[in-house]
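Heads up, the thing below is written out as structure tokens.
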Amino acid sequence: MHPYRTHNCGELRAEKVGTTVRLSGWVHSKRDHGGLLFLDLRDHYGLTQVVVAGDAPFFNAVEAVRVESVVTVTGPVVARSEDTVNAALATGEVEVRIETFDLESPALTLPLQVAGGQEAGESVRLSYRFLDLRREKMQRNLRLRADVIAMIRRRMTEQGFLEIQTPILTASSPEGARDFLVPSRLHPGRFYALPQAPQQFKQLLMTSGFDRYFQIAPCFRDEDARADRSPGEFYQLDVELAFATQEDVFHAVEPLLRDVFAEFGSRPVADGPFPQIAWRDAMLRYGTDKPDLRNPLEIADVTAAFELEGVTFRAFRSQIEKGAVVRAIPAPNAAARPRSFFDGLNRWARDEGAAGLGYVIFDEEGGKGPIAKFLTPEAVSAIRDAVGIGPGDAVFFVCDQPAPAAAFAGTARTKLGEELGLIDDSVFRFCWTVDFPMYEREAETGKILFSHNPFSMPQGGLEALETATDPEDILAWQYDIVCNGVELSSGAIRNHRPDIMVRAFAIAGYSLDELETQFPALLQAFRYGAPPHGGIAPGIDRIVMLLADEPNIREVIPFPLNQQAEDLLMGAPGPVSDEQLREVHLRTVLPSA
RNA sequence: GGGGGUGUAGCUCAGCUUGGUUAGAGCGCUGGCUUGUCACGCCAGAGGUCGCGGGUUCAAGUCCCGUCACUCCCGCCA
């Protein structure tokens, strides 16, 4: 007989009754009846009830064992009597009457409870992550993560993509997030950087002729954490295709994502191809570049209604004269809501830093509410038509410069969707946001900046760059994929033409020299025959987080850093010896207290 | 860097609004009892720098100031 087990703790069924088995696992719980004692023995696969008779020579040893100790037991599988079957347990029709008991590894008193639903605070959980990961939810989440990655690997490989590893020690790049740096021992004063993404390497692989590449790639960015953003490192499904259009990229990943969510998600994926929404439309209708399409509300621009003859609402008109716009968010069936509903939203808007949230309530006769008296019947009907509502509904207004107005209207749309109970939680709704602008103007300085990836191909190519009257009008072959308002990924058709690249960077104020020194590899590579190519890189952690229905990304990462980017279990970041510092030619200069 | 929330037993939390006897509960832990439980049950017990420092007060877990930690958000994330 195997020294530890003949079966795992989740597989015994009635047909094994009469056989003698050996099980090993953790003592999940213990129920001591004095003359009879039950143990639930747990491993990754499940729970099995083990019975110890009162006359067993090892009875006292079992009584003394603490939960979460590891034990090995041997004995016959016995059918439970009808009234003692536990239907909640997969192994609940049987139990093991044990004849041997070995304590393999005793457990101290626990700093957090593994059995039972009680969840400890995060610092305790992360300090004792090895215990926390024993909990059923964490076992399930990490198994889900493994299953998702396995399916992705299989499907990508089947589609002819080659999985290729790229370096972890690479060069710092001036664009993007803050780098993690690694000092060089052999080259005093020089540093490696951990890659923020394998972006340049995958483009080099395209240039090398690998045609279709993917990788479950670790990415390192020294940026502050959020609930959906793990500090330090995260994983992407990094994908790149040669000779590809935007639609080719979509065809490579849309069916995969649909199937991953359909197979592993607790909810269905909405039918039909993922809608493609132009960035400008998304900003207007949803107030964000990552619209949550489970929320049916759509924002409309109603600036013109407030400029109509006879409309005397000065608070908006004076702002409109200074370039502001008015955005309207519908609130279907809100007319019957009490005054406190509207006051509460107004207070919420102020807490969010907005001037307020004006509103008009519509009934059969027209508009009502604090600002209705400043509106003409023509303005009221213009608003009603623009927003597409009628009697019994209400509409909320945001007035500000276009960008902040869009953003706050988006926040208000989400808030209203929640308050009115309109968000459909029973489905995954994907969309593509497409046609991102290539450039944007910095508000304070008026300077033209790349709005996203500087290596994206401008739509219209060189000609568009040379003929555009305003760089802000130039669109890029740049896209995001969004699920339920969560941005899963950005991607782009890349700019593989050195001449277009030089021109694109010139518009953003980079000289050829700067381009050559800051991005030497790509520019050099593209001078030796580069295929048109493009790709995308969906975030694995976020996908699993959505599938697991977890509000926090750390719930699907085995050993995450905490919000201060510390590993409380391993003690990272930690001090190193003077000798280690000398070897890499470093001396620390700590901030003065 | 900024804003919000939280910090009380090993763990999860109540008590703080309105200061006042010995700071409580559940789980866990220790001892005892218990032969069909599966959140087993019953009895007893141990366990507290109320995050830390200062202040107000006859009296502070409770009020004030500072500080630290954790967390959520803003900034940041080509």
Side-chain angles (χ1 to χ4, degrees), chain A residues 28-42 47-56 59 63-64 66-68 78 80-89 91-92 95 97 107-128 131-132 135 173-179 195-197 199-200 219-232 234 351-353 407 411 436 438-440 449-456 476 478 487 490 492 494-495 504-505 508 510 518-519 537 539 551-552 554 562-564 566 568 591 593:
Chain A
H28 187 71
S29 66
K30 197 170 65 172
R31 295 176 294 281
D32 185 355
H33 291 256
L36 180 74
L37 188 154
F38 300 97
L39 288 186
D40 284 342
L41 203 57
R42 184 195 74 236
L47 285 180
T48 300
Q49 174 162 286
V50 161
V51 191
V52 188
D55 55 1
F59 189 86
E63 259 192 327
R66 205 172 278 139
V67 290
E68 294 308 315
V78 177
R80 297 205 203 180
S81 68
E82 208 170 302
D83 55 321
T84 60
V85 164
N86 184 350
L89 222 53
T91 60
E95 59 195 15
R97 298 251 165 103
L108 296 173
T109 299
L110 302 175
L112 59 82
Q113 282 164 244
V114 174
Q118 192 179 82
E119 194 156 297
E122 265 216 290
S123 42
V124 174
R125 293 181 57 201
L126 293 179
S127 299
Y128 295 90
L131 286 178
D132 187 48
R135 294 185 311 118
S173 167
E175 290 284 330
R178 206 174 289 113
D179 283 321
Q196 296 183 24
Q199 183 64 38
Q200 296 197 54
C219 304
F220 305 90
R221 295 178 193 174
D222 187 3
E223 295 298 333
D224 289 334
R226 287 289 183 279
D228 64 352
R229 205 163 80 204
S230 172
F234 59 96
D351 289 345
E352 292 284 311
T411 310
F436 274 81
M438 186 83 191
Y439 302 98
E440 63 191 67
L449 307 169
F450 286 112
S451 61
H452 293 86
N453 185 335
F455 296 104
S456 297
Q478 162 100 35
E487 181 191 321
S490 280
R494 321 298 176 184
N495 184 348
F505 273 78
Y510 288 80
Q518 294 186 357
F519 308 98
N552 189 301
R554 295 186 293 275
N562 70 4
Q563 190 169 43
Q564 278 65 243
E566 297 165 300
L568 299 176

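A note on names: the letters A, B, ... follow the listed sequences, proteins ahead of strands, and every chain is numbered from 1. What you are looking at is a predicted structure, and each value in this text was computed from that prediction instead of being measured.
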Asp228(A) meets the salt bridge (Lys or Arg N to Asp or Glu O under 4.0 Å) criterion, sequence neighbours left out, with Arg542(A)
Rounded to whole Å, CG of Leu112(A) lies from C1' of C27(B) at a distance of 13 Å
- Task: Report yes if the side chains of Leu110(A) and Leu131(A) come closer than 4.5 Å at any heavy-atom pair, otherwise no.
- Result: yes
Out of C11(B), C72(B), G75(B), minimum distance to the side chain of Asp224(A) belongs to G75(B)
Here the distance between atom C1' of G75(B) and atom CZ of Arg178(A), to the nearest Å, is 11 Å
Practice item. Between G66(B) and A23(B), how far apart are the P atoms? Round to whole Å, please. Key: 30 Å
| Quick one: does Arg229(A) reach the base of C77(B) with a side-chain donor-acceptor pair under 3.5 Å? | yes
By the Watson-Crick or G-U definition, both distances under 3.5 Å, G36(B) is matched with none
Closest of G26(B), G75(B), C70(B) to the Glu566(A) side chain is C70(B)
Taking the side chain as every heavy atom from C-beta outward, state whether Asn562(A) and Leu568(A) have any pair of such atoms under 4.5 Å apart. yes
To the nearest angstrom, the NE2-P distance between His28(A) and G28(B) comes to 12 Å
The side chain to side chain donor-acceptor pair (under 3.5 Å) partners of Ser81(A) (sequence neighbours excluded) come to Asp83(A), Thr84(A)
Between Gln49(A) and Arg31(A), is a side-chain hydrogen bond (donor to acceptor under 3.5 Å, both in side chains) present by the stated rule, with each step listed? CA-CA 10 Å; Gln49(A) 174 162 286; Arg31(A) 295 176 294 281; 2.8 Å; yes
Taking a pair to mean Watson-Crick or G-U wobble geometry with both distances below 3.5 Å, A60(B) pairs with none
Any side-chain N or O of Gln563(A) below 4.0 angstrom from OP1/OP2 of C72(B)? yes
Between CD of Gln199(A) and P of C77(B) the distance, given in whole Å, is 16 Å
query = Under 4.0 Å: is that the gap between some side-chain N or O of Arg226(A) and OP1 or OP2 of C74(B)?
reply = yes
Please measure how far the P atom in U18(B) lies from the corresponding atom in C76(B), and state the result in whole Å.
-> 40 Å
Those residues at least two apart in sequence (or on a different chain) that pass salt bridge (Lys or Arg N to Asp or Glu O under 4.0 Å) with Arg229(A) are none
Rounded to whole Å, CD of Glu223(A) lies from P of C73(B) at a distance of 15 Å
As its Watson-Crick or G-U partner within any shown strand, both distances under 3.5 Å, G45(B) has C29(B)
Distances for protein N or O near nucleotides 44-48 of chain B N or O, under 3.5 Å:
none

With sequence neighbours left out, the residues meeting side chain to side chain contact (heavy atoms under 4.5 Å, CB included) with Ala107(A) are Glu68(A), Ser69(A)
Taken to the nearest whole Å, CZ/Arg125(A) to C1'/A69(B) is 18 Å
As its Watson-Crick or G-U partner within any shown strand, both distances under 3.5 Å, G66(B) has C52(B)
The side chain to side chain donor-acceptor pair (under 3.5 Å) partners of Ser123(A) (sequence neighbours excluded) come to none
- prompt: Does U71(B) have OP1 or OP2 sitting under 4.0 Å from an N or O in the side chain of Gln564(A)?
  reply: yes
query: Looking only at atom P, what distance separates U17(B) and C65(B), rounded to whole Å?
result: 15 Å
Taking the side chain from Lys30(A) and the backbone from Glu63(A), do they hold a donor-acceptor pair closer than 3.5 Å?
yes
What interatomic distance, in whole Å, is found between C1' of G41(B) and the corresponding atom of G36(B)?
13 Å
Under 4.0 Å, heavy atoms only, any strand: does Asp55(A) hit a base, just the sugar-phosphate, or nothing?
nothing
| said: Rounding to an integer number of angstrom, what distance separates U62(B) and C27(B) when you compare their P atoms? | reply: 29 Å
Hits for side chain to side chain donor-acceptor pair (under 3.5 Å) against Gln196(A), two or more places apart or cross-chain, chain-then-number order -> Asp179(A)
Is there any protein nitrogen or oxygen under 3.5 Å from a nitrogen or oxygen in nucleotides 4-9 of chain B, and what are the pairs?
none

When rounded to whole Å, the CD to C1' distance for the pair Glu122(A) and U12(B) reads 15 Å
As its Watson-Crick or G-U partner within any shown strand, both distances under 3.5 Å, U17(B) has none
| query | Distance between the P atoms of A14(B) and U8(B), in whole angstroms? | reply | 10 Å
Contacts satisfying salt bridge (Lys or Arg N to Asp or Glu O under 4.0 Å) that involve residues 111-121 of chain A (not counting sequence neighbours) are Glu119(A)-Arg125(A), Glu119(A)-Arg135(A), Glu119(A)-Lys137(A)
Closest of U12(B), C70(B), C72(B) to the Gln118(A) side chain is U12(B)
Sequence neighbours excluded, the answer for side chain to side chain contact (heavy atoms under 4.5 Å, CB included) partners of Ala115(A) is His28(A)
Sorted by chain and number, sequence neighbours left out, side chain to side chain donor-acceptor pair (under 3.5 Å) with Gln200(A) holds for none
5' to 3', nucleotides 29-41 of chain B under a 4.0 Å protein heavy-atom cut-off (B base, S sugar-phosphate only, - none) gives SS---BBBBB-B-
Taking the same atom, C1', in C16(B) and in G7(B), what whole-Å distance lies between them? 13 Å
From the candidates C77(B), G26(B), C72(B), the one with an atom nearest any side-chain atom of Ala227(A) is C72(B)
Mind telling me whether Phe519(A) and Phe455(A) have parallel, tilted or perpendicular rings, with 30° and 60° as the class edges? perpendicular
